[in-house]
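This one's a predicted model, so the numbers in the text were calculated from it and none came from an experiment. Residue numbers begin at 1 in each chain, while the letters A, B, ... track the order of the sequences.
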There are 4 protein chains.
Amino acid sequence: MSIDFDILPSDPVPIYRQIVDQVRRRVASGGLAAGDELPSVRALAQAHAINPMTVSKAYSLLEAEGLLERRRGMGMCVAAVRSARSASQRLALLEPALQAAAQQARELGLSAEQAQQLFTHCLARAGLPSGPDQEEP
Amino acid sequence: MSIDFDILPSDPVPIYRQIVDQVRRRVASGGLAAGDELPSVRALAQAHAINPMTVSKAYSLLEAEGLLERRRGMGMCVAAVRSARSASQRLALLEPALQAAAQQARELGLSAEQAQQLFTHCLARAGLPSGPDQEEP
Amino acid sequence: MSIDFDILPSDPVPIYRQIVDQVRRRVASGGLAAGDELPSVRALAQAHAINPMTVSKAYSLLEAEGLLERRRGMGMCVAAVRSARSASQRLALLEPALQAAAQQARELGLSAEQAQQLFTHCLARAGLPSGPDQEEP
Amino acid sequence: MSIDFDILPSDPVPIYRQIVDQVRRRVASGGLAAGDELPSVRALAQAHAINPMTVSKAYSLLEAEGLLERRRGMGMCVAAVRSARSASQRLALLEPALQAAAQQARELGLSAEQAQQLFTHCLARAGLPSGPDQEEP
DNA sequence: GTGGTCTAGACCACT
DNA sequence: GTGGTCTAGACCACG
């Protein structure tokens, strides 16, 4: 399968949102390229034991967003437009999360060094590559 | 006023949760010390144009948590118990946000260096002190 | 009620789409101004004997589009941005329908005069004002 | 080739319907006369990169309607019966599109003059003859 | 096979 | 009161 989602039904963020977010980021990173097929609604629903309507809702939102294209009778694929983005654009997508974390760190009375050190730990645990950059389009 | 909240009604996180989280962090950091008064429900509600019920819900949760104490007729204040926490405890409160950001960075195909650099920028913008630590109790 | 929809369940265009289209046009025309409240999901559903989910779907699409804003616990209202549009922008919204009609007329071997005459008849029947313009923002 | 279709796979109206509608109108106008041959299913499918089943479905509907005739081993042709229609009948086929456009214009708060002017522009761009009528049978 | 639409009902979250 | 989410099942349209 071209993409395997991480779905956590117990997560506070709704399932359909988990799908939407993951597709957005993978398209931005180039992990999903223009023309790539997505798993069918039914297949994805069955694979994660969720309702097809939930998957359909996620796909519909992504289509309205212009990220996915519906090919009638043939499933959905990544739209030609809006495929992989530059590193700076991808960083812009990451910024809100880090901005919120920075504010939390401030409210917690932590120093910048303490927060940076913890983030480095989290990045290592998440298994990010340590090169200066990656797969630049 | 002893504390000024950052309330963003358009934020996806509910208003009452924004209040609760900010009080938690400031108590943990010592920014709010035992005995400090909080703005009254109606004052806080009016200042941010939100529903008094929303503020009341946040305060009630914090009271149930033991962080705030209700003094009849005199508003609420920070409870004596459970005041400032150690640096490691405060770091533990920050970790979830950074963990989520790290996963987003991975899905975006960014390198650890890129993410760290952006976080440093966010920390500087948020105005964190750069010393190795701060106001340790 | 601030707005009354024309819902035709038997129409080939889906119900949720009828709602979306009508809100779009009324916002563009200024019939719905920024800040105006919309009927609640349940109220609209009951008034037209349709499922609340159907209404909710329409509202969600309009919110994703930026036309409506959700005020938590207080229903939805027209967003401040993207309120009434200029006459030329509204004409642009009408153009696709007329473009399609023009192509049909050509394929039907009709003359421009015949098509124009029929359109004039339709406009009169729809009850349009005949002034050179209307409620320019 | 006796007819060249305008097929837009991304159009909301289904492909088979685009074919059916275009044949109907061109037969009504006389652009397709009794006995005229239509492109073969596989030729039309290949020319527009669509599924042969889709073309076949359209042709079958038109055959059931009596507009086309299947000649064994020789493709399809326009049936003798039901060839070109009178101008008033053709206008009746155009009316629904114009009726819908008129309602949209009303909801957009446009004046009749504005809508008529835009329609005139669309007709000119579509290349309609401006004579009072055309090729009346 | 594909996705789309609608229904019905339940439960949750926010104000 | 408000909207959001998810489930279950049915039916349709398209290729």
Once you round it to whole Å, what is the distance between [atom2] of [N] and [atom1] of [X]?
X: A:Leu38; N: E:dG3; atom1: CG; atom2: P; answer: 10 Å
X: A:Leu44; N: E:dG3; atom1: CG; atom2: C1'; answer: 14 Å
X: A:Glu63; N: E:dG4; atom1: CD; atom2: P; answer: 6 Å
X: C:Met53; N: F:dA8; atom1: CE; atom2: P; answer: 14 Å
X: A:Ile50; N: F:dA8; atom1: CD1; atom2: P; answer: 11 Å
X: A:Asp11; N: F:dG4; atom1: CG; atom2: P; answer: 19 Å
X: C:Gln46; N: E:dT7; atom1: CD; atom2: C1'; answer: 16 Å
X: A:Tyr16; N: F:dT7; atom1: OH; atom2: C1'; answer: 16 Å

inquiry  = Any side-chain N or O of C:Ser40 below 4.0 angstrom from OP1/OP2 of F:dT2?
reply    = yes
E:dG4 OP1/OP2 closer than 4.0 Å to side-chain N/O of A:Arg70: yes
- Under the side chain to side chain contact (heavy atoms under 4.5 Å, CB included) rule, what do D:Asp6 and C:Gln103 come out as? Steps first, then yes or no, please. CA-CA 10 Å; D:Asp6 283 341; C:Gln103 182 182 348; 3.3 Å; yes
Between B:Val13 and A:Ser60, whichever has its closest DNA chain E nucleotide further toward 5' is A:Ser60
Assert: residue with more 5' nearest nucleotide on DNA chain F, out of A:Pro52 and C:Met74, is C:Met74
Nearest-nucleotide check on DNA chain F, A:Ile15 vs A:Gly73; residue mapping nearer the 5' end is A:Ile15
Looking only at E:dC6, E:dG4, E:dT15, the nucleotide nearest the C:Pro14 side chain is E:dC6
Quick note, A:Arg72 side chain, CB onward, closest among E:dG4, E:dT15, F:dG15 is F:dG15
Would you classify B:Lys57 as touching base, sugar-phosphate or nothing, given that sugar-phosphate means primed atoms plus P, OP1 and OP2, and contacts are heavy atoms under 4.0 Å? base
Sugar-phosphate, base or nothing in reach of B:Asn51, heavy atoms under 4.0 Å: sugar-phosphate
Exercise. Can you find a donor-acceptor pair, distance only, under 3.5 Å between C:Arg42 side chain and F:dG3 base?
Worked result: yes
CZ (C:Arg72) and OG1 (B:Thr54) are apart, to the nearest 0.5 Å, by 9.0 Å
To the nearest 0.5 Å, atom CG of B:Leu32 lies from atom SG of B:Cys77 at 10.5 Å
The dot-bracket string of DNA chain E, counting Watson-Crick and G-U wobble pairs with both distances under 3.5 Å, using [ ] for crossing pairs and | for pairs to another strand, is ||||||||||||||.
Practice task
Check whether any side-chain heavy atom of D:Tyr16 lies under 4.5 Å from a side-chain heavy atom of D:Ser60, and answer yes or no.
Solution key: no
* To do: Would you indicate whether the side-chain heavy atoms of A:Arg24 and A:Leu93 approach each other to under 4.5 Å?
  => no
Nearest heavy-atom contact between B:Ala126 and A:Arg106 is O-CD, 2.9 Å
Scanning both residues in full, the closest heavy-atom pair of D:Leu68 with D:Met76 reads CB-CE, 3.9 Å
In short, salt bridge (Lys or Arg N to Asp or Glu O under 4.0 Å) pairs touching residues 54-63 of chain C with sequence neighbours left out are C:Glu63-C:Arg70
